[in-house]
Amino acid sequence: MMTILGIPTQALFGQLLLGLINGAFYAMLSLGLALIFGLLNIINFSHGALYMMGAFVAWLALNFLGLGYWGALIAAPLVVAVIGIIIERTMLCRLYKLDHLYGLLLTFGLALIIEGLFREGYGVSGQPYAVPPALAGGWNLGFMFLPIYRGWVVVASLVLCLGTWYAIEKTKLGAYLRAGTENPTLVQAFGINVPLMITLTYGFGVALAAIAGVLAAPIYQVSPKMGSDLIIVVFAVVVIGGMGSIMGSILTGYMLGIVEGLTKVFYPEAASTVIFMVMVVVLLIKPAGLFGKGA
Amino acid sequence: MGDDFIVETRSLTKEFRGFVAVSDVNLKIRRHTIHALIGPNGAGKTTCFNLVTKFLTPTRGQILFNGTDITHTQPAAIARQGMVRSFQISAVFGHLTVLENVRVALQRRQGKSFQFWRSDRCLDELNARAEELIEDVGVAQYRDTPAGELSYGRKRALEIATTLALDPEMLLLDEPMAGMGTEDVKRTAELIRRVSANRTILMVEHNLSVVADLSDTITVLKLGRVLAEGSYAEITDNPEVVEAYMGSGHGAAGHG
Amino acid sequence: MAESEILLSVRDLHAHYGESHVLHGMSFDVPKGEVVTLLGRNGVGKTTTMRSIMGIVGKRAGSVKYQGTETITLSSNRIARLGLAYCPEERGIFSSLTVKENMVLPPIIKPGGLPLDEVYALFPRLLERGSSQGTKLSGGEQQMLAIARILRTGADMLLLDEPTEGLAPVIVQHIGDIIRTLRERGFTILLVEQNFHFAATVADRHYVVEHGQVIDMIPNEALAANMEKLKTYLGV
Amino acid sequence: QYSDGKVKIGVLTDLSGTYSDLAGKGTIVAAQMAIDDFGGKINGQPIELISADHQNKADIASGIARKWYDTEQVDVIAELVTTAAAIAVREVSKEKGKIDLVSGAASTPLTNDKCSPTGFHWTYDTYALANGTGNAVVKNGGKTWFFLTADYAFGHNLQAQTEKVVKANGGEVKGAVKHPFPNSDFSSFLLQAQASGAQIIGLANAGADTINAIKQAKEFGITQAGQQLAGLLVFITDIHSLGLETAQGMMLTTGFYWDMDDQTRAWSKRWSEKMGNGKMPSMVHAGTYSQVLHYLRAAAAAKTDEGIKVADEMRKLPINDFFAKNGKIRADGRMVHDMYLAQVKKPSESKGPWDYYKIVRTIPGDEAYQPLSESTCSLVKK
Amino acid sequence: MSNAPPPSRQTPFILALLGLGLVLPFIFYPVFLMKGLCFGLFAAAFNLLLGYVGLLSFGHAMFFGWSAYVTAFTAKEWGLTPEIAILLGVATAAVLGGVVGWLAIRRQGIYFAMITLALAQLGFFVAVQAPMTHGEDGIQGVPRGHLFGLIDLSNTMAMYYFVLAVFVLSLLFLYRVVNSPFGQVLKAIRDNEPRAISLGYEVSRYKLIAFVLSAAFAGLAGSLKSLVFQLASLADVSWHMSGEVVLMTLLGGVGTVLGPTVGAFLVVAIQDFFAGIGSWVIIIQGVIFVICVLLFRSGMIGVLAPWLKRRGITG
Ligand SMILES: Nc1ncnc2c1ncn2[C@@H]1O[C@H](COP(=O)(O)OP(=O)(O)OP(=O)(O)O)[C@@H](O)[C@H]1O
Ligand SMILES: Nc1ncnc2c1ncn2[C@@H]1O[C@H](COP(=O)(O)OP(=O)(O)OP(=O)(O)O)[C@@H](O)[C@H]1O
Ligand SMILES: CC(C)C[C@H](N)C(=O)O
Ligand SMILES: [Mg+2]
Ligand SMILES: [Mg+2]
């Protein structure tokens, strides 16, 4: 059997694939985060909490309304988007003129509240959520057993990320978003309804988080802590990709999933730290991030 | 001959990702003169400024200041050697008062700037000189106003005062009159003339009457290259310059 | 052209920046198809007037009617959609967009704007630098871009705030030609200028502003006769 | 006799973090039940209860303990889930001569290097877990092991104890991987465990980590492919969270199960009603009741709340309640009681909510816990 | 800030505060006060960077925490006297500050914040792995020792006055830094960096010095805390701690001398007061942050400022 650094190549394939699957979540979350930062100039600390909320909405819908996975995949992002829009309209919209520190602080506070409420309501151990029957089971790929559901997660996230990227970069929307970040007053004076655009973008960004939450529910426990464990890593992903670069955050998401996966084999203790090591190196070499524009 | 020139560039070239903004420029700036750099928009004037003061690194070429090669010197060090610039887009310290803006410049030569353990009251000894300077440029009545609240023209005036506070041997001014009303233009031109004694000034300016009035030598840039050089009269006689820069009836379109 | 229709009518316009009251009852009219300038010293409120018309000043009061529609309560995007386009003094080029993207950013709000290739024909430099980052343009190039990008939107009234600042004389002339061309095409233009020699070559009438109020109106024909008065107004 | 005319008990636990289900609010309720069952008064003086959240952080735990002793006239601190917090409180208690009763924390240093004359370890510990589950699994034929270990003191401790047991029984350790704590995705580690070819995958972690590892092992077909999981520390709350479908068949060691006899059922039912959420108590909850009750008995007997004196009394008195039959406290502070080896029921075997375990074997206390002769506690005379 | 009122008008206020500091331990629990003072000092050090250089460090826990470890370790394992242990801690923080600063100050804004965060995470990782720190347990039972070999700090009151003295002196020093020729240059750099360069200032040196000073004082705060609580733990080096100091500073008021301390006391008090109610404490904390951001944006000091102004003491 062939080996690389003492690991059989076959096993390495397996690890790469697993890394990619984890990367799918990073990609979806960092995409939403990058969108929100790109337009609102707000570092949305509540992104993790809203991801968790997405998973909880799915769980609640199943247990109290009998709404299954597929329904939840539509309902959860809608519910979370509405909540996001309310947050944006009532609170965030007052902060745009200020330093983005305040946005960070506010969304941090919101994250505490949301997470705290769910802890209070449902405890911390987490609730089980079954894999939908249509996606149960797995494929034996020879080098590993791949649960069908995980395959679906990768496909779904790829479709979602590329679709979003296309919608933003290949249409004028992307230019409006970027320009709106820089000088909203002027963009509005060109005849674009910037506040509406901002609100919808925020709604869409958190809806992405909610979808990621629903996708995550059958893999991990649905638990109030699932978001806060992830958020800081996702920030790092966005920064490594280059703040404001949509494609950058997507690609970096997948890539770092893989890097992290490999670290779990070669130096498992460092698995949760490796992303920060990458970040230091990247930022020192390419100050604006891997895909960021400008010097 | 060599000593006569305070700044000299040799084959100065700057490329931005394949786009050549400044190409093979040989500038020679004679000591104690006012030298103007003019040219159409995008000709590379500001880029030249940035190169000479090392805010940009040249792709090729060499820069001499007082006969020494400064091609690899840091921008702050160049300023300390006596070559100071202003910016095309006005640059003041918005949260400092007008007086403090000037004092920050004066303070550098006082040599206490790393002394974090001393009270800033030791800076008060600079006040007299600072007040003189802001009086000179006509912003004395705003002594204690934060500079950020000044109108555009006054910011430009303050910027000149701050620059002068360093008492530089060589002064580079990037469009010092842009955005000023007519009255300020006159006063500033006066000021520039006054401070040009014992100094060398390199200036970018689109206001031709100011250029005509002040400059001893004019270099015209176009598409990054030197198109012509000479006195105002010589330049205005050059049909290429007229076509590329001044336009046909430059008398009528010329500024105030 | 004497009794032409009034396109924009400003009455008793007041504007504030936070605590400071900047416009103290501006009133003036812009007839359709004319080029009208606002002249005045630094800081008298010319820019603020433009910003108030576009609805991007924090607090404003009074009346601004465009084609008879009261706009004082409208949000700036609605005002723009009525057919006004603004070229700000500080140019407002977006650094996160390329020159090309900056150019096509303002949405087309009505048919009748200049087609893109005509815009580029007026400013060929912008085509050359199309893929450069917006704010990497030279100062003057940015000014051109700021003017160029609003020509294609179809707005029939253009607000140009010091469009010649920082431009080479030859370009200033060029801008003059463009303004005259636009006028011929039926655009209405409100222009703020420091350089009244230039203004005199393009405008139909001049409003003189002082302390946030219009204190005089001089038709362009009468400019020569009123030169002395104007010079005292402007402190030349 | 009683300082400030009352006895004050502080329950310091994790009220908001990972362990707030297996300990948390339920331990406050349990302590209150103990006080109520004792009669609410001690020799005519009132008994008070106070509680706080240490968030599993040593610094917060130590800060609160100090404040309680200094300003709140607290006489004894109970529960203390998480070893780091327990050790932090022990340092303060030792300094102040006050009693600390550990229920939730697991690691053995509490009765070894960190032992104290006034410190007690009640419900279980890593030695007992390793011993119970490790022994049983190896004896059932699980000779080769691979560990997934949470990369912090408790995980290391649990792995080390279990390795010892495995090797002592002729088993073999094929490898181990230390995963970050906390960690949510275990697929990579599970694949490594699979590649090792070990028969048993030992989970030297707890709470959400264990749950996720078990869930994902099933997802990746690890268990179906013939390898077995050994959860070295599994609480009933974890099983509830996993669901029987996923957890069935697993062997585990516990200090308490609610459905063992009438006494346990009666107490658990009362506890559950007080909690009002239909849950059943974990061993940590039950242990907290037991330790508080025992403290009160000792304090009543000693007629004082002075730490050393009550501690001596506690060591003298035997423990006999629904939680511990014939429990006794050793010199190192270990409360020795019977442990139980349990197996998780199949969904078909479960007759109702929270009917999760079959008790396979009762492990007598002296066999379950580390022999005093091996203790490194300075209080143990050798 | 630069137009600070003349010292003669500040002196009574400072004396009043000092007096308050002297009597408070007879009213409030001294350990709580010491915690507030330690975090107040931490936040004040952090504020030197954020408030006066405009740099948001998201990794200050690294200096706080590692200084605490070094002090705890040297006091416990080597038996050093507290002042030496503290000095070693501060020196460690300063050296770390030099390294992190050197790497980070080349970047600005969010990138600066993220580099500091990333480096601090590496610091955290080392703390998790290094045997010296004892992982989750931390270094426990640190002896407070005898100050200069004389004063027994295990006496709570002695410890309190020691902490108070260090705090007051440090704050005066930080105030001086801000209002020094050096501070003037910092403010200028914050306003317009290219312009400062063009005036001949080596901007990166000023930033680096400010960073090292800030790190050193953050370290001093951490060292003190480790002696007060006799414990140095992972919590002190984690990113939550870095986040907490940002919160304290913002809640109190960025760029003010006393704001960070007020913010620190506020946060510590919230945590202390609500410690008994479990997850609600987190919700309440969240609500308070939201309210502060929406209503008291200039920080607590901003709310108090009018009152203070009447007495001529907004610093
Ligand atoms: N950092 C840069 N990256 C890419 N292109 C640049 C950069 N800086 C300048 N340029 C380009 O170089 C050319 C020269 O620019 P420069 O600013 O020197 O012109 P200028 O002569 O000062 O013009 P103006 O009179 O309009 O200020 C312009 O076409 C500009 O787009
Ligand atoms: N954002 C602002 N905040 C506070 N005051 C302002 C602001 N912008 C302008 N002002 C003040 O409002 C007054 C009018 O400014 P405005 O920009 O309208 O003048 P202007 O006539 O356009 O001058 P200029 O010729 O210099 O452009 C000035 O006194 C200026 O100081
Ligand atoms: C599993 C937990 C209840 C035990 C805890 N992890 C400890 O360190 O003891
Ligand atoms: Mg230029
Ligand atoms: Mg203006």
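Chain letters run A, B, ... following the sequence lines, proteins first, then strands; residues in each count from 1.
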Between A:E269 and D:D151 (side chain of the first, backbone of the second, donor and acceptor by atom type, cut-off under 3.5 Å), is there such a pair? no
With a 4.5 angstrom heavy-atom cut-off, is it the side chain or the backbone of A:P224 that approaches chain D, or both, or neither? neither
Using a cut-off of under 4.5 Å on heavy-atom pairs, state which of A:G19, A:P147, A:P128 scores highest against chain D. A:P147
Closest approach of D:K178 to A:P268 (non-hydrogen atoms, all atoms of both residues): O-CB, 3.2 Å
Residue D:Q228 excluded, over 12 heavy atoms near CD under 6.0 Å: no
Check whether any side-chain heavy atom of A:R150 lies under 4.5 Å from a side-chain heavy atom of D:Q216, and answer yes or no. yes
With respect to chain A, which residue among D:G17, D:A225, D:G24 yields the maximal number of heavy-atom pairs within a distance under 4.5 Å? D:G17
Structural part of A:L230 lying under 4.5 Å from a heavy atom of chain D: neither
In terms of heavy-atom pairs under 4.5 Å with chain A, which of D:V177, D:T18, D:T237 leads? D:T18
Separation between CD (A:E120) and OG (D:S20), nearest 0.5 Å, reads 9.0 Å
For D:F189, is it the side chain, the backbone, both or neither that has a heavy atom under 4.5 Å from a heavy atom of chain A? side chain
Reported CZ-to-CD distance for the pair A:F145 and D:Q224, which is rounded to 0.5 angstrom: 6.5 Å
Let me know if A:S272 has heavy atoms under 4.5 Å from chain D in its side chain, its backbone, both or neither. both
Toward chain A, the part of D:N212 with a non-hydrogen atom under 4.5 Å: side chain
How many angstroms lie between atom CG of A:L18 and atom OG of D:S188, to the nearest 0.5 angstrom? 6.0 Å
In terms of heavy-atom proximity below 4.5 Å to chain A, should D:D185 be classed as side chain, backbone, both, or neither? both
If you tally heavy-atom pairs under 4.5 Å against chain D, which of A:L146, A:N22, A:L17 wins? A:N22
Given that the side chain runs from C-beta out, which part of D:E219 has a heavy atom under 4.5 Å from chain A: side chain, backbone, both or neither? both
Counting only heavy atoms closer than 4.5 Å, note whether A:K225 contacts chain D via side chain, backbone, both or neither. side chain
If we count only N and O atoms by modelled type, under 3.5 Å, do the side chains of A:Q221 and D:S241 hold a donor and an acceptor together? yes
Find the distance between OG (D:S184) and CZ (A:F25) and round it off to the nearest 0.5 Å. 9.5 Å
Largest heavy-atom contact set with chain A, pairs under 4.5 Å, which of D:Q192, D:H240, D:K279: D:Q192
